[in-house]
Chemist: 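I'd like to ask some things about the structure below.
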Amino acid sequence: MKCLQVNEVVYTYQNKYQTVQALRGVSADFVQGQMYAIIGTSGSGKTTLLSLLAGLDVPSAGSITWNGESTASLDRDQYRLEHVSVIYQNFNLFFHLTVLENVAYPLYVRKTAKQDADDIAREQLLAVGLTEDQWGRFPNMLSGGEQQRVAIARALAAGSEIILADEPTGSLDSENSQNIVEILRQLAHGNNRCVIIVTHDPAVADAVDVVLRMKDGKVFTDTAKTPLPGAQPGIQHSQP
């Protein structure tokens, strides 16, 4: 089932000194149960596209639709709170909160009863391999790989259908990177999430179902792996 559709999206940055067209007619479909990588050199438009998918802004032209509704017309604050989770390279954890509180935080914001929120957080921390003795620690007491697991557990606890990851392995060693990729792959294939990763890491690109290569604000060759049975990636792409 398609959850995100990107249709001829253009995005322009403008200030008094210059105008930069960061995206130039990007089209792609993303489905639940699949894992995607967006690759390309710095300045190719990867992070801009991810930001638009997260609802942080709307296209200058074209459209992004979630379950058939344009992000330009829906309540984007509610969309981000309930349907999209973003995992960052620098983890974006609250260092004054414990591991458990960090993971439960999206549920606290939704006014979920604290006991219920904490129970969900415990379940998701176990799912990413963090044990009970770590739950009461603060993030700066964990390794980089463990902090990234906390960030992923927070995304799991939020229950978001769409997981967006911006260079999630960029600051990790190869072993931790592989562990994080396996967790994200399980999110897509085992938990039916739509996982979209911006990455420079070839190992991440090798692990996904579909690769979108960006250059000069456009999506080029789809170097997709064989889709899962019954899945319809539907990537539309320009030819160089």
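Below, all heavy atoms of this structure are taken into account, side chains as well, without hydrogens, waters or symmetry copies. Sequence positions, counted from 1, serve as the residue numbers for this chain. Values in this document were obtained by computation on a predicted structure and should not be read as measured data.
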Chemist: Please determine whether residues I87 and L107 belong to a single hydrophobic cluster, defined as Ile, Leu, Val, Met, Phe, Trp and Tyr linked transitively by side-chain heavy-atom distances below 4.5 Å.
Modeler: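 As far as the 4.5 Å side-chain criterion goes, L107 and I87 are not connected within one cluster.
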
Chemist: Considering residues, nucleotides and ligands other than Q178, do more than 12 of their heavy atoms fall under 6.0 Å from its CD?
Modeler: no

Chemist: For residues D201 and T199, is any side-chain donor paired with an opposing acceptor at under 3.5 Å?
Modeler: no

Chemist: For G25 and V10, work out which heavy atoms get closest and say how close.
Modeler: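 Smallest interatomic distance, heavy atoms only, reads N-CG2, 3.7 Å.
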
Chemist: Does N102 use its side chain to pair, donor to acceptor, with the backbone of L97 at less than 3.5 Å?
Modeler: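 At least one qualifying donor-acceptor pair exists.
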
Chemist: Work out which heavy atom in D57 is nearest to a heavy atom in Y11; give both atom names and the distance.
Modeler: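 Nearest heavy atoms, D57 then Y11: OD2-OH, 2.5 Å.
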
Chemist: Hey, what's the ring geometry for F30 with Y36, parallel, tilted or perpendicular (30° and 60° as the breaks)?
Modeler: perpendicular

Chemist: Salt bridge or not for E146 and R149, using N-O below 4.0 Å?
Modeler: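 The answer is no: the pair does not qualify as a salt bridge.
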
Chemist: Can you get from L156 to L81 by hopping between Ile, Leu, Val, Met, Phe, Trp and Tyr side chains that sit under 4.5 Å apart?
Modeler: no

Chemist: Check whether L49 and V58 end up in the same hydrophobic cluster, where Ile, Leu, Val, Met, Phe, Trp and Tyr are linked by side-chain heavy atoms less than 4.5 Å apart.
Modeler: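 They do not share one cluster, since no chain of ILVMFWY contacts under 4.5 Å joins L49 to V58.
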
Chemist: Short question: side chain of S177, backbone of D173 - any donor-acceptor pair under 3.5 Å?
Modeler: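 Answer holds: yes.
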
Chemist: Within this structure, what is the CG-CD distance for the pair D166 and Q89, rounded to the nearest 0.5 Å?
Modeler: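 Result: 7.5 Å between the selected atoms.
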
Chemist: Cluster question for you: counting only ILVMFWY and a side-chain heavy-atom cut-off of under 4.5 Å, with indirect links fine, are L126 and Y105 together?
Modeler: no

Chemist: Can you name the nearest heavy-atom pair linking A117 to T112, along with the distance?
Modeler: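 That closest heavy-atom pairing would be N-CG2, 3.9 Å.
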
Chemist: Give the minimum heavy-atom separation between A205 and V208, together with the two atoms involved.
Modeler: O-CG2, 3.3 Å

Chemist: Would you check if the side chain of E161 reaches a backbone N or O of C3 as a donor-acceptor pair within less than 3.5 Å?
Modeler: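 Absent.
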
Chemist: Without swapping roles, check the side chain of D209 against the backbone of M35 for a donor-acceptor pair under 3.5 Å.
Modeler: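 Judged by distance alone, yes, a pair lies under 3.5 Å.
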
Chemist: Before you tell me yes or no, could you show the steps for Q34 and V195 under side-chain contact (heavy atoms from CB on, under 4.5 Å), namely the whole-Å CA-CA distance, both residues' side-chain angles and the distance that decides it to 0.1 Å?
Modeler: CA-CA 6 Å; Q34 292 274 274; V195 178; over 6 Å; no

Chemist: My understanding is that only residues two or more places apart in sequence, or in another chain, count here; which of them pass ring-ring contact (aromatic ring centres under 6.0 Å, His included) with Y88?
Modeler: none

Chemist: Are L53 and W66 close enough, and set up right, to give a side-chain contact (heavy atoms from CB on, under 4.5 Å), and what steps lead you there?
Modeler: CA-CA 9 Å; L53 294 174; W66 169 75; over 6 Å; no

Chemist: Taking C-beta and beyond as the side chain, do F91 and S171 meet within less than 4.5 Å on heavy atoms?
Modeler: yes

Chemist: Is it true that a side-chain atom of S60 and a backbone atom of T12 form a donor plus acceptor pair closer than 3.5 Å?
Modeler: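 Checking the backbone N and O of T12 against the side chain of S60, a donor-acceptor pair under 3.5 Å is found.
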
Chemist: Using 0.5 Å steps for rounding, measure from the CG atom of L74 to the CZ atom of R76.
Modeler: 8.0 Å

Chemist: Find out whether E101 and F94 are in side-chain contact, i.e. whether some heavy atom of one side chain is under 4.5 Å from a heavy atom of the other.
Modeler: no

Chemist: Between I197 and T169, is a side-chain contact (heavy atoms from CB on, under 4.5 Å) present by the stated rule, with each step listed?
Modeler: CA-CA 10 Å; I197 305 169; T169 64; over 6 Å; no

Chemist: Heavy-atom distance under 4.5 Å between the side chains of Y13 and Q18, does that happen here?
Modeler: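 Side-chain contact under 4.5 Å: no.
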
Chemist: With heavy-atom distances below 4.5 Å as the criterion, would you say the side chains of R154 and L93 are in contact?
Modeler: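 Yes - at least one pair of side-chain heavy atoms lies under 4.5 Å apart.
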
Chemist: Kindly indicate whether the side chain of T71, heavy atoms from C-beta on, has any atom under 4.5 Å from the side chain of T65.
Modeler: no

Chemist: Could you check if a side-chain atom of P139 sits within less than 4.5 angstrom of a side-chain atom of V150, using non-hydrogen atoms only?
Modeler: no

Chemist: Rounded to the nearest 0.5 Å, what separates atom CD in Q148 from atom CD1 in I180?
Modeler: 5.5 Å

Chemist: I need the K46 NZ to E167 CD distance, nearest 0.5 Å.
Modeler: 6.5 Å

Chemist: As a quick check of understanding, evaluate side-chain contact (heavy atoms from CB on, under 4.5 Å) for S27 and V6, giving each step before the final call.
Modeler: CA-CA 5 Å; S27 294; V6 181; 5.6 Å; no

Chemist: Count I, L, V, M, F, W, Y as connected when their side-chain heavy atoms are under 4.5 Å apart, and connections chain through other members. Are I120 and I152 then in the same cluster?
Modeler: no

Chemist: Quick check against the 3.5 Å criterion: does S160 have a side-chain atom that pairs as donor or acceptor with the backbone of I162?
Modeler: no

Chemist: Would you give the length of the straight line joining atom CG of L50 to atom CG of L164, rounded to the nearest 0.5 angstrom?
Modeler: 4.5 Å

Chemist: Any sub-3.5 Å donor-acceptor pair from Q32's side-chain atoms to R193's backbone N or O?
Modeler: no

Chemist: At their closest point, which heavy atom of V9 faces which heavy atom of P59, and how far apart are they?
Modeler: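 Smallest interatomic distance, heavy atoms only, reads CG1-CB, 3.8 Å.
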
Chemist: Please tell me if the side chains of W135 and T98 come closer than 4.5 Å, counting only heavy atoms from C-beta onward.
Modeler: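 Not touching, per the 4.5 Å side-chain cut-off.
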
Chemist: Can you tell me how far CD of Q134 sits from CE of M141, rounded to the nearest 0.5 angstrom?
Modeler: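 Separation between the atoms: 10.0 Å.
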
Chemist: With distance as the sole criterion, is a donor-acceptor pair present between the side chains of N179 and E175 under 3.5 Å?
Modeler: no

Chemist: Can you check whether I39 reaches M214 side chain to side chain, under 4.5 Å on heavy atoms?
Modeler: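 Sidechains of M214 and I39: no contact.
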
Chemist: If every non-hydrogen atom of V128 is compared with every non-hydrogen atom of A153, which pair is closest and at what distance?
Modeler: CG2-CB, 3.9 Å

